[in-house]
Structures are given as structure tokens and as C-alpha cells.
Amino acid sequence: MQLYSTKNKSNTVTFKEALFRGLPPDNGLYMPSELPELPSDFIQNLSQYSFKEIAFIVAHAIQKDAIPNADLHRIINEAINFPAPVVKLDNSCSVLELFHGPSLAFKDFGARYMAQSMSYFNRNEDKELVILVATSGDTGGAVAFGFHKVPGIKVVILYPSGKVSNLQEKQLTTLGDNIAALEINGTFDDCQALVKQAFLDRTATESIRLGSANSINIARLIPQSFYYFEAYKQARQFTDRNIVFSVPSGNFGNLTAGLMAKRMGLPIHQFIAATNTNDIVPQYLSTGNYLPRPSEQTLSNAMDVGNPSNFARMQDLYGSDWDMIKQDITGYSINDHATEATMQEVFDHHSAYVMDPHGAVGYKSLKLYQVSNPDTHGIVLETAHPSKFIDDAERILGLKLFIPERLSILSAREKKSVMMDANYQEFKDWLMAQYG
């Protein structure tokens with residue numbers, strides 16, 4: 001398997017190199033040199049395959065011989081060991097529940113697959129690997145659980161102080177062992193900028209063996225494509241309508257993975273880029289102008305991103321052809337008031353189904369799309385368990401939420417984090433003192 005930089009297609013590397021580097025030296029993003037179209041009989045007969053079998057076929061098609069088949073089977077068995085059920089709400093809408101993993105968020109799929117892949121390639125290395133990851137909420141928890149106690153790997157999680165939920169913060173700051181948390185006085189974009197700057201700093205990269213676990217890492221996107229095939233398989237059991245996916249979007253890794261699945265032959269009719277008031281991509285889809293700006297804090301905090309990292313990958317898939325992108329993606333921006341109203345609407349009209357704020361943004365966007373496209377069946381990606389946002393969910397719905405045990409046991413644990421300004425030199429000095 002070869003991958004190229006979105007800024008220079010002649011700059012190619014192996015899967016192992018892309019996995020550990022995270023970012024190319026030119027500050028582009030790695031993309032597979034080929035996304036093969038899967039056989040039509042595989043697509044037509046998805047119902048005959050288990051989720052793990054689908055995952056292996058898709059991964060092997062993309063990665064080719066990067067990992068031997070026996071090891072790839074083992075990685076998938078370890079990483080994809082929880083379901084991704086589709087729950088039908090009515091004839092026009094279903095929910096793809098992606099919160100059945102250990103951190104109760106969709107990012108468990110990518111984080112666990114990446115951790116297992118890194119562990120495979122890292123088994124013969126003498127120097128420890130230091131993973132840097134910026135999070136606006138769910139990524140950090142998924143990475144922390146995915147990499148916890150993995151031999152030879154340390155993890156440093158940067159998160160914006162006061163801008164993640166209490167239980168999200170507990171997931172980032174209470175595991176200990178090989179997991180360290182930096183509480184940054186700034187926004188998610190500040191955290192992301194610090195991580196990117198470290199990868200471009202030759203002094204840092206020569207002293208410390210750095211790796212990335214954000215959605216900038218291609219190993220995060222590959223497994224996220226698996227559940228689009230799995231969801232399509234399940235939905236085809238009860239609908240023959242054109243299927244659209246409504247994707248709550250922040251850094252746009254999830255939507256990019258869906259676009260990759262479509263490129264590989266999955267007949268997805270349309271994607272809906274569902275954002276909160278951080279509407280950079282919907283504005284681009286409307287005007288053709290990409291104008292990043294500082295992110296705004298919202299109820300759906302994991303989507304509070306003002307300059308989505310994966311936008312470059314989205315453009316790359318379409319050769320930066322705005323007209324072609326618009327054909328496959330429709331964008332909507334949903335404010336907090338509409339998000340709250342939608343959570344109540346879903347609860348009232350769909351057998352007391354509880355959505356988290358991110359899923360509500362996806363649901364509302366789908367309903368706006370279906371005003372002019374009523375003969376479609378929409379699958380809303382429910383990206384996190386509502387109990388991760390328990391204070392807002394209970395306030396909005398006026399009820400007490402059940403908290404799964406794997407999350408509730410964290411509430412009594414002591415938070416351990418290092419406060420730090422959004423200053424690169426301060427961050428670098430800390431890194432060098434800890435790992436240099």
C-alpha cells in the first residue's frame with residue numbers, strides 16, 4: 001500500500017510510515033494512492049457477511065499487503081469487538097448507534113484499530129512511541145481507552161479547558177499509566193495547532209519518536225469506513241429507498257470515511273454534512289469559498305471546529321471540483337436552540353428515544369434535507385452515548401439518564417492533568433522534559 005500527501009502526490013510512503021508519522025513533512029494529509037472498487041457481488045450480498053468479515057474485506061482492499069492476513073484478522077478481532085446497530089425510528093429515518101465501544105463514542109472504532117496496528121508495527125522497536133492527540137471531546141477518551149497499557153507507547157492528550165463535559169474530562173484524565181492529559185487554556189483549534197506544530201518541528205521529532213492519533217492519521221479513517229458498509233447492510237433489510245447518511249461533523253473525518261466507502265462502490269445516495277454554528281463546510285458548499293474562523297462553543301462540543309483538518313482530504317477525493325462535491329454532499333448548520341428542540345422532538349415522537357446533542361444536529365439536518373427529498377431513507381450517525389452529555393440531556397428532557405457502568409465508575413476517580421497556555425514553546429519544553 002502506498003499513500004501520498006495531499007500537497008504533493010509524488011511524496012509517497014508506506015502504510016507503516018503514514019501510520020507513525022501522522023502528517024507528511026509538507027503539512028499535507030496522507031491519502032491512499034488507490035481506493036479500489038469492491039466487487040459488485042460483495043456489495044449486493046452484504047447481508048451474508050458479519051461485521052468483522054466486512055471490516056477485513058474493506059481493510060484488505062485498501063491496505064493490500066501492508067499487514068499479513070493473519071495479523072489483520074487479529075487486529076480486527078481485537079478492535080472491532082462491539083456492534084454498530086441500526087435502530088429504525090420510522091420509514092424515513094434510522095439511527096446508526098456508534099457508542100457501544102469502551103468510551104461510548106464512535107471514535108472507539110478508529111482508535112482501537114489504530115492502537116492495534118501501531119502495536120503490530122511497534123513490536124520490534126527499541127525507542128518508545130509518543131502519541132500526540134488533540135481532542136474537542138470524544139477523540140481523547142477513545143484514544144485513552146484504545147492505547148491504555150499498550151506496551152512501548154505513551155499518549156499525550158491535549159484538550160481545551162472548560163470546553164468538554166465533566167464525564168468526557170474524566171475519560172481523559174483518570175486512566176493514568178501511559179496516558180497523560182494536558183489541559184490547554186484555549187480552544188480545540190489551539191490544541192490542534194500545538195500538535196501540528198510539534199510534528200513540523202525537526203528538533204522535537206529528532207528527539208522524540210512522535211505519532212498522531214487524531215483523524216489526521218489515515219489509520220483512523222480506514223476503520224471508520226467499515227460501519228458505513230455495516231449500516232447499509234442492516235438498512236437494506238427494511239427499506240428499498242435511496243439511502244442517505246447524515247453525519248454530525250466537526251473535523252470531518254467521519255464524513256471523509258463515508259466518502260471513501262462510496263468511492264469503493266457502496267451506493268450511498270447522498271451525504272449530509274450536519275454541523276452546529278461552526279458552519280465552515282456548509283458555507284463552502286453554498287458559496288464555494290472555504291473561510292475558516294475561530295470555533296464557537298456549542299452544546300455539541302465535539303463539533304466545535306473552525307478549521308476542519310479533513311477538508312483537504314474531501315477536496316482531494318474530488319480534485320477540488322466544487323460542483324462534484326456539491327453533488328454528493330449537502331450541508332446544514334443547526335444552532336443550539338434547534339438542537340435542544342430536536343432532542344425533545346425525537347424523545348416525544350420516537351418511543352422516548354434519547355439522542356445526544358450531536359445526533360440531534362444530524363437528525364435535524366436530515367429532516368431539512370428530506371423536505372425536498374421525501375423518498376429517501378436517512379441514517380443518522382449517533383456518535384456518542386447521551387449520558388456523556390448528561391447535564392444538558394437531563395436539563396433538556398427533564399429526566400434522569402442511565403449511565404453505563406464503564407462511564408459511571410469514572411466519576412469518583414481523581415482528575416490528573418497539567419494546565420498549560422496555548423503556547424508552543426511551553427508545550428515543547430514540557431514534551432522535551434518528559435520524553436526527550
Roughly how far apart are [X] [atom1] and [Y] [atom2], rounded to 0.5 Å?
X	Y	atom1	atom2	result
Ile157	Gln171	CD1	CD	9.5 Å
Ile329	Phe245	CD1	CZ	14.0 Å
Leu29	Asn310	CG	CG	6.5 Å
Tyr120	Lys16	OH	NZ	8.5 Å
Ser103	His148	OG	NE2	13.5 Å
Glu345	Met355	CD	CE	10.0 Å

With distance as the sole test, does [X] use its side chain to make a donor-acceptor pair with the main-chain N or O of [Y] at under 3.5 Å?
X	Y	answer
Arg112	Glu78	yes
Asp316	Ala312	no
Asp336	Thr298	no
Asn276	Ser300	yes
Thr287	Gln283	yes
Asn122	Met118	no
Thr205	Asp201	yes
Asp321	Met324	yes
Arg263	Leu35	no
Ser94	Leu89	no

Result of checking Tyr232, Tyr113, Phe109, Phe51 against Phe226 for ring-ring contact (aromatic ring centres under 6.0 Å, His included) |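 Answer to the ring-ring contact (aromatic ring centres under 6.0 Å, His included) test with Phe226 among Tyr232, Tyr113, Phe109, Phe51: Tyr113.
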Using the side-chain contact (heavy atoms from CB on, under 4.5 Å) rule, take Arg236 and Ile243 through it: C-alpha gap first, then chi angles, then the decisive distance, then the call.
-> CA-CA 9 Å; Arg236 274 289 169 248; Ile243 290 178; 3.7 Å; yes
Of the non-hydrogen atoms in [X] and [Y], which two are nearest, and what is the gap between them?
X	Y	result
Gly186	Lys163	O-NZ, 3.5 Å
Met1	Ala66	CB-CB, 4.2 Å
Ser225	Ala261	O-CB, 4.2 Å
Asn91	Arg241	O-NH1, 3.5 Å
Pro308	Asn251	CA-OD1, 3.4 Å
Lys262	Ile268	NZ-O, 2.7 Å

Under 3.5 Å, is there a donor-acceptor pair between the [X] and [Y] side chains?
X	Y	value
Asn178	Glu128	no
Thr376	Gln270	no
Thr277	Asn335	no
Ser295	Asp189	yes
Glu340	Gln344	no
Gln224	Asn254	yes
Tyr30	Asn11	no
Ser246	Lys364	no
Asp190	Thr187	yes

Neighbour count >12 (heavy atoms, 6.0 Å) for atom CG, Asp323 | yes
Using the six-membered ring of Phe389, assess whether NZ or CZ of Arg395 lies under 6.0 Å from its centre and within 45 degrees of the ring axis.
-> no
Are Arg313 and Phe252 in a cation-pi contact, defined as NZ or CZ under 6.0 Å from the six-membered ring centre and within 45° of the axis?
-> no
According to the interplanar angle, ranging from 0 to 90°, do the rings of Phe311 and Tyr284 count as parallel (below 30°), tilted (30 to 60°) or perpendicular (above 60°)?
-> perpendicular
Is Lys64 salt-bridged to Glu34, cutoff N-O under 4.0 Å?
->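 Salt bridge: yes.
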With Leu368 as reference, evaluate Ile272, Thr330, Ile334 under the side chain to side chain contact (heavy atoms under 4.5 Å, CB included) test and give the passing residue.
->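 By the side chain to side chain contact (heavy atoms under 4.5 Å, CB included) criterion, Leu368 pairs with just one of Ile272, Thr330, Ile334: Ile334.
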Evaluate side-chain contact (heavy atoms from CB on, under 4.5 Å) for Asp279 paired with Arg293, printing each intermediate quantity in order.
-> CA-CA 10 Å; Asp279 60 350; Arg293 64 177 189 269; 2.7 Å; yes
